[in-house]
Participant: 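First the structure, then my questions, so here it is.
It should be emphasised that the depicted structure is a prediction, and the values quoted were computed from it without experimental measurement. Order of appearance sets the numbers: ligands from 1, and atoms from 1 within every ligand.
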Amino acid sequence: MPSLDDLTRPPGRPPRLLYGGDWNPEQWPEETWAEDVRLMRRAGVNSVTLGVFSWSRLEPAPGAREFGWLDRLMDLTHENGIGVVLATPTSSPPPWLGRLHPETLPRDEDGRTEWWGSRQHFSHSSEAYRRHAAAITEDLAARYAGHPALTMWHINNEYCTHDWGDEAARTFRRWLKARYGTLDALNTAWGTDFWSQRYADWAEVLPPRRAHYLKNPAHVLDFRRYTSDLLLECYRAERDIVRRHTPHLPVTTNFMPFWSGQDGWAWAAEEDLVSVDVYPDPRDPRGGQDNAMIGDLTRSQAGGRPWMVMEQAAGAVNWRDVNHPKPPGLNRLWALQAVAHGADAVCYFQWRQSRQGAERFHSGMLGHAGERGRVFQETVRIGADLARLGPHVAGSRVTTDIAVLHDWHSWWADGPDGAPSRRVDHAGIVRAWHRALFDARLPVSFAHPHHDLTGHRLVLVPHLHLLDDTAIDNLTAYVQGGGTLVCGFLTGVADQDGRVRPGGMDPRLRALLGIDLLQEWWPLDEDERVDCGTFHGTLWSEELTPAAGAETVAAYRGGELDGLPAVLRNGRAWYVSTLPEPDALRELLAAVAREAGTGAVLDGLPEGVEAVRRGELLFLLHHGRDPLTVPLPGRYRDLLTGALSTGTLTLERYGVAVLEETP
Ligand code: GLA
């Protein structure tokens, strides 16, 4: 199978990292193109993505084809040594498609149509949409298959649409029939005897549209599964077309960062390389951790292989309430941080900032201030850094002893409606646990609960509400085989249909974790904290009776739960029944990691400095503004500057060092 490796480590040529971004030259007069390419060369850009939103240009009327402009661009990039990631334009159909085929337009939960005039106005279920998308993909692939500029395919863009309309009702039934076979099985899985929801005919089964009160959670869960699967069908159809023409080229589609809409494990398995769009808020003091977490997750989705930042912003985005620019140095820091976490391609949305359209205030690598602007100067600097690192870094791996389990199905089953607390936010809890590891400098990967976990010394389950039988057997076998496991509250409460397990938590899991009875959940209010002796818990607490032999490591103090376990251990299996405050969670996980035989990448680092090992190299990343001196355990050469350091190293504002140990 072709991969990113084929592009970053071409036989007979030195390894390199890909650098570039979305280029939308169709928005500009052709005179600008030569200037663009000149500046790309100056910045060391070696890869551009073309055609993401160009359907109405390529097919101005049904069946018409206008490829001349793209031919000229493909030739121009090739003449300048820049490779092209060619996108299928199918995420923004031309207005004529919606006019001729209104059924291609998705409907929201309330039955309202999403019209053309923005983007992503297509129904995954529409046969007309799929037919037209396949036709333009076919012709694009046939035309450029042999073009020497073409390096990779980018299918659609951020698949994220939903549809509750009639087209969707039809495919939802098809999907449900494949899953359940009979209506009886569906009624059982969804528990439709609750509130008289029993279906007597398939025609009664609809997407979960606007309703009077709480919806059936199993219905909602399956709709989310179905939406992910239907979008995946659209991806596969286009992927198979381009593969037929260019079996030697990798195919990807860009994920949104840690987004709930797609089953990221299932999707990644269908890609030759995994790519993601990453947009941490420059004002968020935890932005660097966010960037690290996306990197860890994407690398894990890629099975540990190098991955691609398909998009990030050189400066401000334009979709937050207030859109802050990146202060000098931050763009470079986050770009190199992605490389530290295993990326072999660092790309942006977009090359040249648009003057028109909805994103005219979104930054570009070449901003409105142009060639002399600070943002472009940084673009040039990052290009030079990546060129220096490429030969040393491309293709190397990040390995970790710790795995955090994550599963989109559990995220979907864990919605706020009808739950014990609306404050329990799946993503927020995973972030909090990742933060503890990040702050303790414990390298971490993510894994699916069915994955082989035996290679990890420590497995963490921050919050998997839904665990099927295979997952429970896997966790049990992992601990029995000598692994250490830490589970957060609400783990294993529900089965694959979202049905609560007997006793409120799977009995096998209770036995594993040393819980005799799970009596009651005691969720906490926003301003509420529980005293757990040596720390405070937030968000959640639990009334549970430990099993004989289990050890209460920390107990609730005072209140209704006085003396009951906040942290419980049963041999190598741990259960944390609250969300400890950040420092406490960090200390707890660091202590368990030590006992499990793993530890920080580097000890004694000042706060705000991240250390990551990739292959033989040590990346030090300074997430703050004040220069710092960092202790070093030996003698190192910084590949970015060539400087040698022994014993200590100074990192400037947002500074990065990529260190190679030298004798
Ligand atoms: C997404 C899209 C891009 C662009 C950026 C803006 O990542 O894929 O087309 O809209 O957001 O941040």
Side-chain angles (χ1 to χ4, degrees), residues 20-28 47-57 84-94 114 116-122 152-162 231 234-235 238 251-262 264 267 271 273-284 287 290-291 294-295 297-298 307-326 330-331 334-335 338 343 345-368 375 379:
D22 283 18
W23 185 26
N24 298 301
E26 65 271 31
Q27 297 173 9
W28 295 86
S47 178
V48 291
T49 301
L50 285 174
V52 181
F53 296 110
S54 62
W55 196 346
S56 64
R57 268 284 188 128
V84 172
V85 178
L86 192 54
T88 63
T90 51
S91 76
S92 193
E114 288 185 2
W116 60 89
S118 178
R119 66 178 184 189
Q120 282 147 337
H121 47 283
F122 66 89
M152 189 194 300
W153 287 102
H154 173 306
I155 303 294
N156 200 281
N157 190 68
E158 293 189 338
Y159 276 104
C160 62
T161 58
H162 282 74
L231 290 169
C234 293
Y235 163 78
E238 292 184 27
V251 186
T252 188
T253 182
N254 49 340
F255 293 138
M256 288 198 254
F258 198 51
W259 185 62
S260 72
Q262 287 154 295
W267 277 71
E271 295 183 283
L273 76 96
V274 182
S275 65
V276 70
D277 302 343
V278 207
Y279 292 99
D281 186 347
R283 271 292 170 94
D284 180 354
D290 225 27
N291 203 39
I294 304 310
L297 180 61
T298 311
W307 54 280
M308 174 170 193
V309 178
M310 184 63 87
E311 292 178 18
Q312 59 184 335
V317 300
N318 70 325
W319 39 260
R320 294 195 167 95
D321 287 345
V322 179
N323 297 292
H324 298 285
K326 286 183 172 165
L330 189 61
N331 178 18
W334 285 354
V346 175
C347 296
Y348 288 77
F349 176 83
Q350 60 177 330
W351 162 251
R352 186 188 275 272
Q353 185 166 19
S354 298
R355 286 183 57 205
Q356 291 183 292
E359 294 183 321
R360 66 206 184 286
F361 298 121
H362 190 294
S363 60
M365 299 166 84
L366 178 64
H368 290 317
V375 170
T379 295

Participant: Taking only heavy atoms of F53, which atoms of ligand 1 are found under 4.0 Å from at least one of them?
Facilitator: 9 (O)

Participant: Can you report which non-hydrogen protein atom sits closest to atom 10 (O) of ligand 1, along with the distance?
Facilitator: E359 OE2, 2.4 Å

Participant: Under 4.0 Å from a heavy atom of N157: which atoms of ligand 1 are those, numbered in the order shown and with their elements?
Facilitator: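 Contacts of ligand 1 toward N157, numbered from 1: 2 (C), 8 (O), 9 (O).
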
Participant: Which of the atoms in ligand 1, numbered in the order shown and given with their element, are less than 4.0 Å from a heavy-atom of E311?
Facilitator: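 This gives 1 (C), 2 (C), 3 (C), 5 (C), 7 (O), 8 (O), 11 (O) as the contact atoms.
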
Participant: Holding to side chain to side chain donor-acceptor pair (under 3.5 Å), I want the full list of residues that pass it with T253, two or more places apart in sequence or in another chain.
Facilitator: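 Scan of T253 (side chain to side chain donor-acceptor pair (under 3.5 Å), adjacent residues dropped) gives none.
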
Participant: Just to confirm my output: which protein heavy-atom neighbour is closest to atom 9 (O) of ligand 1, and how far is it?
Facilitator: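 Of every protein heavy atom, R119 NH1, 3.0 Å lies nearest to atom 9 (O) of ligand 1.
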
Participant: Report yes if some N/O of E158 lies less than 3.5 Å from some N/O of ligand 1; otherwise report no.
Facilitator: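 N/O-N/O distance below 3.5 Å exists for this pair.
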
Participant: For atom 5 (C) of ligand 1, what is the closest protein heavy atom, and at what distance to 0.1 Å?
Facilitator: Y279 OH, 3.4 Å

Participant: Mind checking whether M310 has a heavy atom under 4.0 Å from ligand 1?
Facilitator: no

Participant: Would you give the length of the straight line joining atom CD of Q27 to atom CD of Q353, rounded to the nearest 0.5 angstrom?
Facilitator: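 Between Q27 CD and Q353 CD, I get 11.0 Å after rounding to 0.5 Å.
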
Participant: Please report the interatomic distance CZ(F122) to OG(S92), rounded to the nearest 0.5 Å.
Facilitator: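 The distance works out to 9.5 Å.
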
Participant: Pull out every atom of ligand 1 sitting under 4.0 Å from any heavy atom of W319, numbered as shown with elements.
Facilitator: 6 (C), 12 (O)

Participant: What closest approach, in Å, do E26 and F53 show between heavy atoms, and which atom pair accounts for it?
Facilitator: OE2-O, 4.0 Å

Participant: Return the set of residues passing side chain to side chain donor-acceptor pair (under 3.5 Å) with W55 (not counting sequence neighbours), or none when no residue passes.
Facilitator: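 For W55 the side chain to side chain donor-acceptor pair (under 3.5 Å) partners, ignoring immediate neighbours, are E59.
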
Participant: Atom 6 (C) of ligand 1: which protein heavy atom is closest, and how many Å away?
Facilitator: H362 NE2, 3.1 Å

Participant: Parallel under 30°, tilted from 30 to 60°, perpendicular over 60°: which one fits the rings of W259 and H162?
Facilitator: perpendicular

Participant: So how far is it from H154 NE2 to L50 CG, rounded to the nearest 0.5 Å?
Facilitator: 11.0 Å

